[in-house]
> 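Sharing a structure, written as structure tokens. Questions coming.
All values reported here derive from a predicted model rather than from experimental measurement. By convention in this document, chain letters (A, B, ...) are assigned in the order of the sequence lines, proteins followed by strands, and residues within each chain are numbered from 1.
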Amino acid sequence: MSTPEHIRADRYEPTAIEPRWQQRWAELGLHDTDLRDASKPKYYLLTMYDYPSGDLHIGHWYVKTPTDAIARFHRMHGENVFMPVGFDAFGLPAENAAIKNKIHPREWTQSNIDNMRRQLRSMGATFDWKSEVKTCDPGYYRWNQWLFLRFLEAGLAYRASSPVDWCPNDGTLAREQVEGADRHCWRCGARVEKRELDQWYLRITKYADELLDFSGIEWPEPIRIMQTNWIGRSEGAEVSFTTAPDDESSDRGPDGFGGDDLRVFTTRPDTLYGATFMVLAPEHHLVAKLTHPDQAAEVKAYVEAAGRETEIERMSTEREKTGVFTGSYAVNPVNGERIPIWIADYVLAGYGTGAIMAVPAHDDRDFAFARKFGLPIVRVIAGPEISDADVAVPMETAFVSHGTEERMVNSGPHTGLPAKEGFAKIVAMLEVQGKGKASVNYRIRDWLISRQRYWGTPIPVVYCDTDGIVPVPDDQLPVRLPDTVDYGGRGENPLKTDAAFVNTRCPQCGGPAWRETDTMDTFIDSSWYWFRYLSPADENAPVDRSIEARWCPVDQYTGGAEHAVMHLLYSRFFTKAMADLGMVHEREPFKRLFNQGQILGADGERMSKSHGNVQDPDKLVLRYGADTVRLFLMFMGPWDQGGPWSPTGIGGIGRFLNRVWHCALDPHGVEAGDPESGVLPAGQDTAAAEIALRTAAHRTLRVVSEEYAELRFNTMVAHLMELSNLLMRYRGTEAAGSAAWNEAVLLLLLMLAPAAPHITEELWARLAKARGEESGAGTASSIHSQPWPAVDDAAAAESEREVPVQVNGKLRDKVMVPVGIAEAELEAIVLARPKIVAALDGRVPLKVIHAGGR
RNA sequence: GGGCGAGUGGCGGAAUGGCAGACGCGCCAGCCUUAGGAGCUGGUGCCGCGUAAGCGGCGUGUCGGUUCGACCCCGACCUCGCCCACCA
């Protein structure tokens, strides 16, 4: 039984056992969650669904296999775990592939999904396949349309004309989908341009304030910060300036100048006395009206030039300031000064009111502008280091600090006040005078969802000459994507060429009408898909409210951080909007979020087919087995870290599992290559060896339990390796096969089961058989149905421990003492140690510190 | 320009105020093998002393600070990564 020949004959061969167990788990339906089963606590575990690009790469495994370990860990704790899977099946790559390969996007997508299903199953992951969702199914996108119509009724969806980011390949983009200083498309990398278009928007701005509130959800701080910055809430004041007549003698000059209300937003009302000019965005609606005839030609030229410039050029920080004087003036409401009104492209039309009061003394941009055009710079805020006599000294740079130390100067009756106090006083004064009020501004814009593409959800409205924009009635949903579309060419949306789709009847008047041919941003699909998993076949509603009530929010969500201001923000918006419309109860979608790191190619670049650095897991699985690949990915480093892919070291995981195999099946074997093998450590008898085994096993259980709960898989695996190394040390000795040994082996298998489900299941079954137990059908015989073991605190306690001794912070000695030794006794022992005596060199310690130590 | 994060052996990493380098890779030595790019055991931060067990010193990006004691906390700087970027 224990000869080396026997071991060779029955080696650990993962590829022989893994498919067998995967099939068996599937047959038993072990992971088809009964959502109506309330006998156990629910645990909704969600991992971001994938775009069906064709092949899983190692990065997909990096997200999914630890997630599966979480699922299995929670099942062993008696929870009813739901871990669904699906496909984000709409999107441009399918369309591009269709054009290139003359294949329908549906076929391309479906064959990719089939392949990815096979690959996903090879991980041994316990997905609930009966709840699978595919967003390109009419049964799914129908509800995108239904939700859109409800949003439309509620005023959360609207159509508007405005300048949009336009990608020459992908059409319109949401603001979040334009990246980098050169303003390129997030998907294809092409530089985007601005176009004025009629497009559909969702009113995410309505929820700006609520989206800033993260209380009640446990999300990583970087994501919260990114969303907070993206929403960009600024508190300040809106201030009304009145445009001035040409001369100071009348309210309105002979040319009709003056008397217009010119409103600005400022975060620094405390600097209002320092406003020495105003600046309008070139697109501001008062530009034409405020341009003095003398300046008309110059202004016209500037505005036209600004219009021709790309967003890239205008948004460059380094660029020198440009601008032009309108010839008009405005009156500063606090001191009555006439200040010139300029036009410059550093002021953005889309933020605030599209106009600013310029305070060059206290804003870097205004300072640069004033310098260039010779405009006055007046200091109105001074730090403590500036004496009253220095206030008038010309400034070399803008002073932007706004702390508690700063005081106001040159500010009429407010001079001398602390800046913070002046802020409030000036706002109050403006309100009394009707010239301003406290105000809040946001950077976030409404979500542009129109896409000029074929492979997406049709927006369910028609255009009628009589009735205008008419929503498609619910009973006509879904508006199906037609199959017979010629998408041979580029540029135009192929749907536009499909007359049978476009030409329709107005639901209201019955007259001729035209369908909207834009489709929805695919981020709509992912903004509520976790609700659909709960009732994927429901014909009456997007989500079954009674199931949602029990299962939401999602307990744990796992996926990449690249969606910080897209998917993860849209999902929160949708959840809040759906809650307000009475469709769901919860206002937050995901209670806990974990962002795993990204696995890069071996070259340190993002994995992509174009880089040629994609790592295919299938080959690794074929060679090492799924369990080894799973463990290796967990062992590489902290899960949130990721890093460049390198398979170096995967062999170490294989050796580890081999040792587990041998400990479990061949406890009495000895290693021919090791003279120490099968011999107890010097000075240890069998009883001591058994205590050592029990202690190690239960201490390992204690720490591994914590590590699973905290998703620290790399150290979890390391601790299991330590335990298996210890077992190997005792293999073949008198302690092997003892009760303590057997307990340690079983604990090792149970602890390893969530991470390496196949080998543990195999060994569990073989050990049961060896004990003569029936290991027939039924879920109870599976290791994955066992309860998570409890730590025996008495066993985990050690009787002795090693105490490090420092003198003046330097390690000088280590001493073994019984646990619980009195401090005085310990001190006596330590002070008698020769090394300590030598280190003290006759001196008496001033202070003896007993540090922490468990 | 702003925000966030990270810098530890040849490599991935461990240790978040108390023994730096757990665990693994790689490398070295030995064993076992007909053979091995298989398996097993031991060693392995750097420098110095010693035949040796061992002893001493140095060491967590740089410079300061707090502390009996700092990879860990604080300040400044350097490097790298990610996000945002003329948002008033």
Side-chain angles (χ1 to χ4, degrees), chain A residues 4 7-8 11 179-181 183 220-226 228-230 232-234 236 264-268 271 279 281 314-319 321 344-348 350-359 362-366 368-369 441-445 561-562 564-565 597-598 600 604 631-632 635-638 640-641 643-644 646-656 658-659 662 670-677 712 714-722 725 728-729 802-814 835 845-853:
Chain A
I7 297 170
R8 289 246 158 67
R11 285 171 29 187
E179 297 180 338
R183 313 315 293 158
E221 195 180 5
I223 299 284
R224 299 200 314 260
I225 290 171
M226 271 191 254
T228 302
N229 291 342
W230 186 262
R233 180 187 160 98
S234 297
V264 301
F265 172 73
T266 178
T267 54
R268 296 292 304 274
T271 66
V279 187
R314 281 187 58 173
M315 288 175 92
S316 165
T317 323
E318 264 85 82
R319 205 170 67 116
K321 295 278 181 290
D345 63 7
Y346 80 92
V347 174
L348 307 175
Y351 183 78
T353 63
I356 62 161
M357 64 175 212
V359 184
H362 305 292
D363 182 281
D364 290 323
R365 296 150 302 182
D366 298 344
F369 194 83
N441 249 284
Y442 302 89
R443 284 180 25 139
I444 192 172
R445 306 295 150 80
E562 65 272 19
V565 292
Q598 194 167 45
L600 306 170
L631 279 179
F632 179 60
F635 184 61
M636 280 174 40
D640 57 5
Q641 197 168 293
S646 165
T648 314
I650 194 168
I653 300 290
R655 284 190 278 279
F656 161 58
N658 251 311
R659 286 195 289 273
H662 288 136
V670 291
E671 293 303 331
D674 174 19
E676 299 278 299
S677 180
R712 286 162 46 211
N714 58 327
T715 53
M716 179 275 290
V717 175
H719 285 120
L720 294 182
M721 285 175 167
E722 282 185 272
N725 289 344
M728 282 305 276
R729 180 66 193 83
E802 192 179 52
V803 177
V805 185
Q806 294 178 2
V807 177
N808 283 335
K810 289 200 171 188
L811 180 72
R812 292 297 174 187
D813 200 7
K814 296 176 192 180
K835 283 186 184 174
L846 290 172
K847 198 159 54 164
V848 177
I849 298 162
H850 294 262

> Working to the nearest 0.5 angstrom, can you tell me the gap between A/Gln641 CD and A/Gln598 CD?
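Here the rounded value is 13.5 Å.
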> If each of A/Asn658 and A/Ile650 is mapped to the nucleotide of RNA chain B with the nearest heavy atom, which maps nearer the 5' terminus, i.e. the 5' end?
A/Ile650
> Side chains of A/Val717 and A/Met636: closer than 4.5 Å at any heavy-atom pair?
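When only atoms from C-beta onward are counted, A/Met636 and A/Val717 do not touch, as no gap falls below 4.5 Å.
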> Considering only the P atoms, how many Å lie between B/G50 and B/C63, rounded to the nearest integer?
31 Å
> Show the nearest heavy-atom pair for residues A/Ala358 and A/Val279, with the distance to one decimal.
CB-CG2, 4.3 Å
> Taking B/C47 as the reference, what is the distance to B/C31 when you measure between their P atoms (whole Å, please)?
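It works out to 28 Å between them.
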> Which nucleotide, B/C86, B/A88, B/G24, lies nearest any side-chain atom of A/Arg659?
B/G24
> Can you tabulate the close N/O pairs, meaning under 3.5 Å, that link protein atoms to atoms of nucleotides 9-13 of chain B?
unit_1: B/G12; atom_1: O2'; unit_2: A/Met636; atom_2: O; d: 2.6
unit_1: B/G13; atom_1: OP1; unit_2: A/Gln641; atom_2: NE2; d: 2.3
unit_1: B/G13; atom_1: O5'; unit_2: A/Gln641; atom_2: NE2; d: 3.4

> Looking only at non-hydrogen atoms, find the nearest pair between A/Ala281 and A/Val347 and report the distance.
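So the two residues come closest at CB-O, 3.2 Å.
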> Please tell me if A/Arg712 has a side-chain N or O lying less than 4.0 Å from either OP1 or OP2 of B/A15.
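Yes, A/Arg712 has a side-chain N/O under 4.0 Å of OP1/OP2 on B/A15.
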> Side chain of A/Pro222 only, please: which of B/C4, B/A22, B/C86 is the nearest?
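For A/Pro222, the side-chain atoms sit closest to B/C4.
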> Suppose you measure atom P in B/G81 against the same atom in B/U8; what distance do you get, rounded to whole Å?
15 Å
> Specify the closest pair of heavy atoms between A/Met357 and A/Thr271, including all atoms of both residues, with the distance to one decimal.
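Answer, listing the atom of A/Met357 first, then A/Thr271: CE-OG1, 3.7 Å.
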> Which nucleotide, B/C19, B/C23, B/A14, lies nearest any side-chain atom of A/Lys814?
B/C19
> B/C82 P sits how many Å from A/Arg224 CZ, rounded?
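Rounded to the whole Å, the gap is 23 Å.
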> For B/G26, take OP1 and OP2 only and decide whether either is under 4.0 Å from a side-chain N or O of A/Thr648.
no
> Given atom CG of A/Asp366 and atom C1' of B/C86, what is their separation to the nearest angstrom?
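That distance rounds to 10 Å.
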> Paired stems touching RNA chain B, three or more consecutive Watson-Crick or G-U pairs with both distances under 3.5 Å?
B:1-7 with B:78-84, B:10-12 with B:23-25, B:26-31 with B:39-44, B:45-49 with B:54-58, B:61-65 with B:73-77
> Classify the side chain of A/Gln806 versus the base of B/G18 as yes if they form a donor-acceptor pair under 3.5 Å and no if they do not.
yes
> Given that A/Asn229 and A/Asp363 both sit by RNA chain B, which one's nearest nucleotide is further toward the 5' end?
A/Asn229
> With rounding to whole Å, what would you report as the distance between B/U60 and B/C71 at their P atoms?
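It works out to 7 Å between them.
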> What does A/Ser234 touch in the nucleic acid at a heavy-atom separation under 4.0 angstrom: a base, only the sugar-phosphate, or nothing?
sugar-phosphate
> Among A/Asp366, A/Val359, A/Asp364, find the residue that satisfies the side chain to side chain contact (heavy atoms under 4.5 Å, CB included) test when tested with A/His362.
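Answer to the side chain to side chain contact (heavy atoms under 4.5 Å, CB included) test with A/His362 among A/Asp366, A/Val359, A/Asp364: A/Val359.
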> In whole angstroms, how far is the P atom of B/G3 from the CZ atom of A/Arg443?
14 Å
> Considering only B/A88, B/C84, B/C4, which nucleotide approaches the side chain of A/Trp230 most closely?
B/C84
> For the pair made of CZ in A/Phe656 and C1' in B/A38, what is the distance, rounded to whole Å?
20 Å
> Which whole number of Å gives the distance between the P atom of B/G7 and that of B/U16?
14 Å
> Among the candidates B/G18, B/A88, B/C23, find the nucleotide nearest to the side-chain atoms of A/Ile849.
B/G18
> Taking the side chain as every heavy atom from C-beta outward, state whether A/Leu720 and A/Phe635 have any pair of such atoms under 4.5 Å apart.
no
> I'd like the P distance from B/A76 over to B/C83, given in whole Å.
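Rounded to whole Å, the distance is 26 Å.
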> So do the side chains of A/Asn725 and A/Arg659 get within less than 4.5 Å of each other, counting heavy atoms only?
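Yes, their side chains come closer than 4.5 Å.
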> Restricting to salt bridge (charged side-chain N to carboxylate O under 4.0 Å, His left out), what partner residues turn up for A/Arg812, sequence neighbours left out?
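Expected list: none.
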> Specify the separation, in whole Å, of atom CE of A/Met728 and atom P of B/C40.
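From A/Met728 CE to B/C40 P: 7 Å.
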> Return the value, rounded to whole Å, for the distance between atom CG of A/Leu811 and atom P of B/C55.
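These atoms are roughly 11 Å apart.
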> Using a heavy-atom cut-off of under 4.0 Å over every strand shown, decide if A/Ile225 touches base, sugar-phosphate, or nothing.
sugar-phosphate
> Using the C1' atom in both, what is the distance from B/C73 to B/A22, to the nearest Å?
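So the two C1' atoms sit 24 Å from each other.
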> Mind listing the closest non-hydrogen atom pair of A/Ile653 and A/Leu631 along with its distance?
CG2-CB, 3.6 Å
> Whole Å only: how far is the CG atom of A/Asp364 from the C1' atom of B/C86?
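After rounding, the reported distance stands at 10 Å.
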> Classify the glycosidic conformation of B/G9 as syn or anti, calling it syn when the angle lies within 90° of 0.
syn
> Return the value, rounded to whole Å, for the distance between atom CD1 of A/Ile223 and atom P of B/C84.
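Taking CD1 of A/Ile223 and P of B/C84, I get 11 Å after rounding.
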> Which part of the nucleic acid, if any, lies within contact of A/Asn441, taking any heavy atom under 4.0 Å across all strands shown: a base, the sugar-phosphate backbone alone, or nothing?
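Since no nucleic acid heavy atom lies under 4.0 Å of A/Asn441, the category is nothing.
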> Assign A/Arg812 to base, sugar-phosphate, or nothing according to its heavy-atom contacts below 4.0 angstrom with the strands shown.
sugar-phosphate
> Looking at every non-hydrogen atom in both residues, tell me the closest pair between A/Lys321 and A/Phe369 and how far apart they are.
CB-CD1, 3.8 Å
> Which value, in whole Å, describes the distance between the P atoms of nucleotides B/G48 and B/G10?
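So the two P atoms sit 15 Å from each other.
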> Hey, does the side chain of A/Arg655 come within less than 4.0 Å of B/G24's phosphate (OP1/OP2), counting only N and O?
no
> Can you confirm whether A/Ile849 sits close enough to A/Gln806 that some side-chain heavy atom of one is under 4.5 Å from a side-chain heavy atom of the other?
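Side chain of A/Ile849 against side chain of A/Gln806, heavy atoms only: no contact under 4.5 Å found.
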